[in-house]
Amino acid sequence: MIRFVCETKSILNQNNKPLLNTTYSPLVSIIIPTYNRSYSLHSTITAALNQTYKNIEIIVVDDGSTDDTKKLVSTFSDKVLYIQKTHTGQADTRNVGLQYAHGEIIAPLDSDDIWHDKYLEKSIGYLQEHKLDLFFSNWEHNIVERYHANIFASLLKNKNIPNKGCYVFDYAEFRKILLIDSIAPSSGLIIKKSVIPFGWNSQVHIGDDWFLQLEIIFKKLDCRVGFTKEIFWKKNRDTSNVSDGRKGVVFRKLHIKDLHLILSNFSCYLDNNELKMIRLKIFQNKILISCLLLLKGDFDTEMKDLFIYFAQEPKLFFKALMNGVQKEITRNIQFTKN
């Protein structure tokens, strides 16, 4: 691994003002992994520097970029720690940043996303007020150059979450939701460093942040998680994103591999219902892959696998089919409303 490190220093809260009724301002390590994103990185770093919460360190880890990322980061002088490494993927890149992090709080930030100025001030305030291990906030994302609020209404609709303030999940409640879907993207999540077991798993193809959250939840049975409906940041989507750049069959096949990885790593932590939930997700993705292949007139080996799965667990197959149809209908309704 090749590393180029610029001199760095923490930016301290010069006014020593209390943030949300607290006089203690822990150091926050902002980890920004990047790969050939010089076109968006400047705005991302600027947003981090413009935070009203000032006790921060910014760590940019360059995963072997071939554009002018290094030159761009150098314009920020000693305000940013810049690390170069060979190209090994997003999870490894985050982990390098974690190795250099001195903060009590870890704040991942993707190199194309933008935090609102008070993102950290409000997030740290809620984290401290409610003694949380994890906190995540609502966001807006761009669709055809327009921004739309993005909350998982189908998963949170019966939770009586207020429009402002912090909602603290019951442990079992959040665990169940997290197994259904990842609802806390990395750029909107802050984590106490002490609850991170090992870091991000480099074997994960899609959603290494989801895998990390699952590991934290499984290994810390008293984990406290908070959420706010307030919009604290903007998520940008383009074809260079891991999940957005790999579409259709390729994306779903990678997701199935990750689900098998979850079963391989965490089966001992899962009860029978939870194991069934993961197998159901595998079924849903296999059904979707088969549908996509049929539309192309392509009879892939996935079709044979699907018939084998159907023969083994027909009830689970039909449940996966119905859930997939319902999810697609809900998604289309939400998109139409936006």
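In this chain, numbering begins with 1 at the start of the sequence shown.
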Visitor: Parallel, tilted or perpendicular, judged at 30° and 60°: which one describes the rings of F232 and Y126?
Guide: parallel
Visitor: For the pair K234 and D112, find out whether any cationic side-chain nitrogen is under 4.0 Å from an anionic carboxylate oxygen.
Guide: no
Visitor: Taking atom types as modelled, find out whether S182 and D209 have a side-chain donor-acceptor pair closer than 3.5 angstrom.
Guide: no
Visitor: Is there a donor-acceptor contact under 3.5 Å from the side chain of H102 to the main chain of Y100?
Guide: yes
Visitor: Is there a side-chain contact between I105 and L120 (heavy atoms, below 4.5 Å)?
Guide: no
Visitor: Quick check: do L134 and C223 have side-chain heavy atoms less than 4.5 Å from each other?
Guide: yes
Visitor: Under the side chain to side chain contact (heavy atoms under 4.5 Å, CB included) test, which residues partner E274, sequence neighbours left out?
Guide: R175, L179, L270, D271
Visitor: Would you indicate whether the side-chain heavy atoms of D67 and Y39 approach each other to under 4.5 Å?
Guide: no
Visitor: At what distance, to the nearest 0.5 angstrom, does CG of N55 lie from OG of S29?
Guide: 9.5 Å
Visitor: Just to verify, what does K220 make a salt bridge (charged side-chain N to carboxylate O under 4.0 Å, His left out) with, not counting sequence neighbours?
Guide: D222
Visitor: Side-chain atoms of residues 190-201: list all donor-acceptor pairs with protein atoms under 3.5 Å, sequence neighbours left out, distances to 0.1 Å.
Guide:
from, atom 1, to, atom 2, distance (Å)
K193, NZ, A101, O, 2.7
N201, OD1, Q203, N, 2.8

Visitor: Count the heavy atoms of every other residue, nucleotide or ligand shown that sit under 6.0 Å from NZ of K219, and state whether that count exceeds 12.
Guide: yes
Visitor: Determine, step by step, whether K79 and I45 satisfy the side-chain contact (heavy atoms from CB on, under 4.5 Å) criterion, reporting the C-alpha distance in whole Å, the side-chain angles of both residues, the deciding distance to 0.1 Å, and the verdict.
Guide: CA-CA 10 Å; K79 297 176 181 178; I45 295 174; over 6 Å; no
Visitor: Do L261 and F211 have side chains that get closer than 4.5 Å, going by heavy atoms?
Guide: yes
Visitor: Going by side-chain hydrogen bond (donor to acceptor under 3.5 Å, both in side chains), name the residues that satisfy it together with D68, two or more places apart in sequence or in a different chain.
Guide: S38
Visitor: Quick test of your reading: applying ring pair (Phe, Tyr, Trp, His ring centres under 6.0 Å), list the pairs with at least one residue in residues 161-196, sequence neighbours left out, ordered by first then second residue.
Guide: Y167-F169, F169-F174
Visitor: Which residues satisfy the side-chain hydrogen bond (donor to acceptor under 3.5 Å, both in side chains) test with E104, sequence neighbours excluded?
Guide: Y24
Visitor: With respect to T93, which candidate in D63, D62, T34 satisfies the side chain to side chain donor-acceptor pair (under 3.5 Å) definition?
Guide: D63
Visitor: Is there side-chain contact between F266 and I278, with at least one heavy-atom pair below 4.5 Å?
Guide: no
